[in-house]
J.: 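This structure is in structure tokens; I'll ask about it shortly.
Naming convention: chains lettered A, B, ... in sequence-line order (proteins, then strands); numbering from 1 in each chain. All of these numbers come straight from a predicted model, not from anything done at the bench.
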Protein chains: 2
Amino acid sequence: MTSTRPLRADAVRNRQLLLAAAADEFAERGMDASVADIARRAGVGKGTVFRHFATKDDLIAAIVLDRIDELNTAGERLLEAADPGAALLEFLTVAAHQRQQRDLSFLHEAGELSAEVTRVREQMYNTVQKLVDRAREHRAVRADVTGTDIILLMCAPNYVTSYVPDAPPDLWQRYLAIIFDGLRPEGAHPLPHPPPSTV
Amino acid sequence: MTSTRPLRADAVRNRQLLLAAAADEFAERGMDASVADIARRAGVGKGTVFRHFATKDDLIAAIVLDRIDELNTAGERLLEAADPGAALLEFLTVAAHQRQQRDLSFLHEAGELSAEVTRVREQMYNTVQKLVDRAREHRAVRADVTGTDIILLMCAPNYVTSYVPDAPPDLWQRYLAIIFDGLRPEGAHPLPHPPPSTV
DNA sequence: CAACAAACGGACCGGGTGGTCAACTTGTTA
DNA sequence: TAACAAGTTGACCACCCGGTCCGTTTGTTG
């Protein structure tokens with residue numbers, strides 16, 4: 001049990017400022033965002049960053065954790081939805097929208113992420129699995145598509161639009177629609193490769 | 001007119017060694033690949049790198065140029081193919097296969113690329129445009145899909161699989177097939193956003 | 001308000017980067 | 001083969017990075 005006295009008031013405030021500043025800075029400058037710049041943006045000293053997050057990777061992990069939690073919340077809500085096909089599409093929409101506002105995809109691949117991250121991530125995989133299963137049972141998606149497939153295709157619409165300079169902010173919706181059409185049972189052609197087992 | 005005496009024999013050899021070593025090094029280490037490592041891998045001093053390529057960005061531009069040229073060659077050949085739908089699919093396959101062997105996608109976004117690159121890139125856009133037009137006329141792809149759409153979706157299958165650790169090397173084919181199904185006329189749903197005009 | 005721990009800040013450090021340069025080697029050419 | 005230009009090399013430079021450390025400030029608590 002790690003019972004410790006609560007954080008000081010200024011400390012909790014600075015922690016929030018840091019997380020927000022880091023997310024913004026990463027979104028703007030990619031992985032090149034430096035700790036010094038993040039600190040400056042948050043209006044704190046560089047040492048304060050390392051007091052809250054032992055390493056840059058820890059800071060990244062904290063950001064990633066928050067984002068996946070958001071998806072989990074949305075996913076679990078959509079498990080209750082009436083139309084399973086629409087629910088899956090909306091989940092993909094939520095995910096794409098999150099990434100549209102701030103593209104932090106590179107953070108997921110970079111550095112060592114905490115065990116906490118892998119835990120909440122697997123929780124999300126589970127939720128998506130269920131969303132897909134429900135959609136498949138309702139014939140909203142083709143039979144040969146798996147939960148893992150959807151996890152992998154989740155942010156493809158954003159990726160696609162990332163190459164367009166000055167893209168209209170909703171352009172990703174176009175590619176989400178195209179990809180989702182590829183997931184439908186009508187007019188589906190057999191797939192040339194088996195699905196991956198795990199992610 | 002920039003007429004200059006031909007490169008010395010060892011210089012042309014070193015240039016080739018450098019391009020190959022750089023491509024390998026970038027593919028393995030991403031953008032973090034250092035000029036020093038590239039030089040070592042090519043069996044050459046660091047100074048030699050900068051003699052051939054004034055800056056790291058110039059080296060990157062040279063690599064990108066070669067890759068786009070490969071696609072141009074394939075694309076122009078496929079413009080002669082009998083089945084336009086199959087031709088488009090094969091072009092996408094070639095592009096995905098190229099990126100599967102060495103993922104250098106990040107190079108296209110990074111640094112200032114030469115005017116030569118933009119020239120050959122626009123040439124490629126043109127070829128893709130024609131491939132798509134032919135495929136559309138033959139009802140092989142849906143009417144509301146444009147050449148720009150296909151350019152954007154070109155390497156999405158690789159992106160999708162890039163998140164799978166130890167992915168089977170042909171996994172991208174699965175997602176290419178799904179996306180291509182989304183491009184077909186059968187069972188297409190109206191798209192929620194107009195296509196981007198340029199890339 | 002006093003006293004103490006918690007939190008802060010920024011100078012500092014080692015390491016790695018892209019790029020330069022002048023001494024040296026080598027291919028070419030007459 | 002002589003002579004010169006073209007090419008090579010690695011030590012060197014200035015810069016920036018993540019991370020440390022300690023003197024100082026500040027919130028909390030009795």
Side-chain angles (χ1 to χ4, degrees), chain A residues 2-23 25-26 28-64 104 106-107 109-114, chain B residues 2-23 25-26 28-64 104 106-107 109-114:
Chain A
T2 61
S3 112
T4 168
R5 85 173 50 180
L7 283 179
R8 242 166 60 174
D10 55 344
V12 296
R13 204 195 65 234
N14 281 340
R15 187 173 208 277
Q16 282 312 109
L17 286 175
L18 273 173
L19 282 172
E25 198 72 15
F26 278 126
E28 286 177 16
R29 323 257 271 227
M31 188 58 80
D32 297 344
S34 74
V35 175
D37 284 343
I38 291 170
R40 193 173 312 122
R41 185 168 193 144
V44 301
K46 195 166 68 152
T48 302
V49 180
F50 289 102
R51 158 158 284 264
H52 286 278
F53 310 97
T55 168
K56 192 183 187 181
D57 280 355
D58 284 358
L59 170 57
I60 291 172
I63 295 174
V64 170
L104 302 178
F106 52 90
L107 292 184
E109 310 181 71
E112 288 303 309
L113 299 178
S114 66
Chain B
T2 63
S3 112
T4 168
R5 84 172 48 178
L7 282 180
R8 246 167 58 174
D10 55 343
V12 294
R13 204 195 65 236
N14 280 341
R15 188 172 207 280
Q16 282 312 110
L17 286 175
L18 273 173
L19 282 172
E25 198 72 15
F26 278 126
E28 287 178 14
R29 322 254 272 226
M31 189 57 79
D32 297 345
S34 73
V35 175
D37 284 343
I38 291 170
R40 193 173 313 123
R41 185 166 192 146
V44 142
K46 193 167 68 151
T48 302
V49 180
F50 288 102
R51 161 157 279 264
H52 286 278
F53 309 96
T55 169
K56 192 183 186 182
D57 280 356
D58 283 358
L59 170 58
I60 291 173
I63 296 174
V64 170
L104 302 179
F106 52 91
L107 292 185
E109 310 181 73
E112 287 304 308
L113 297 178
S114 66

J.: Using only side-chain N and O atoms of Arg51(A), determine if any of them is under 4.0 Å from OP1 or OP2 of dA7(C).
T.: yes
J.: In whole angstrom, give the distance that lies between atom CD of Glu25(A) and atom C1' of dC17(D).
T.: 14 Å
J.: Can you name the nearest heavy-atom pair linking Ala21(B) to Ile38(B), along with the distance?
T.: CB-O, 3.9 Å
J.: Whole angstroms only, please: what is the CZ-P distance between Arg29(A) and dG18(D)?
T.: 11 Å
J.: Which atom names give the shortest non-hydrogen contact between Phe26(A) and Ala33(A), and what distance separates them?
T.: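 Looking at all heavy atoms of both residues, the closest pair is CD2-CB, 3.7 Å.
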J.: Could you check whether Ala33(A) gets within reach of a base, just the sugar-phosphate, or nothing at all, counting any heavy atom under 4.0 Å?
T.: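 Touches sugar-phosphate only.
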J.: Any carboxylate oxygen within less than 4.0 angstrom of a Lys/Arg side-chain nitrogen, looking at Arg40(B) and Asp37(B)?
T.: yes
J.: Find the distance Arg15(A):CZ to dC8(C):P and express it as a whole number of Å.
T.: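 After rounding, the reported distance stands at 12 Å.
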J.: How many Å lie between CZ on Arg40(A) and P on dA11(C), as a whole number?
T.: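 It works out to 12 Å between those atoms.
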J.: Over how many whole Å does the gap from Phe53(B) atom CZ to dG7(D) atom P extend?
T.: 13 Å
J.: Expressed as a whole number of angstroms, how long is the span from Met31(B):CE to dT17(C):P?
T.: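 Distance check: Met31(B) CE to dT17(C) P gives 14 Å.
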J.: For residues 41-55 of chain B, pull every pair meeting side chain to side chain donor-acceptor pair (under 3.5 Å), keeping only residues two or more places apart or in separate chains.
T.: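 Listed by first then second residue: Glu25(B)-Arg41(B), Glu28(B)-Arg41(B).
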J.: If you round to the nearest 0.5 Å, how far is CD of Gln16(B) from CG of Leu19(B)?
T.: 5.5 Å
J.: So, OP1 or OP2 of dT9(D): does either fall under 4.0 Å of a side-chain N or O from Thr48(B)?
T.: yes
J.: Whole-Å distance between dC17(D) P and Phe26(A) CZ?
T.: 12 Å
J.: Is any side-chain heavy atom of Val64(A) closer than 4.5 Å to one of Leu104(A)?
T.: no
J.: In the structure I gave you, are the side-chain heavy atoms of Val35(B) and Phe53(B) within less than 4.5 Å of one another anywhere?
T.: no
J.: In whole angstroms, how far is the P atom of dG7(D) from the CG atom of Leu18(B)?
T.: 13 Å
J.: Under 4.0 Å between a side-chain N or O of His52(B) and OP1 or OP2 of dG7(D)?
T.: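 So the side chain of His52(B) is outside the cut-off, no N or O lying under 4.0 Å from OP1 or OP2 of dG7(D).
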J.: List the protein contact pattern of nucleotides 19-30 of chain D with one symbol per nucleotide (5' to 3'): B for base contact, S for sugar-phosphate-only contact, - for none; contact means a heavy-atom distance under 4.0 Å.
T.: BB-----BSS--
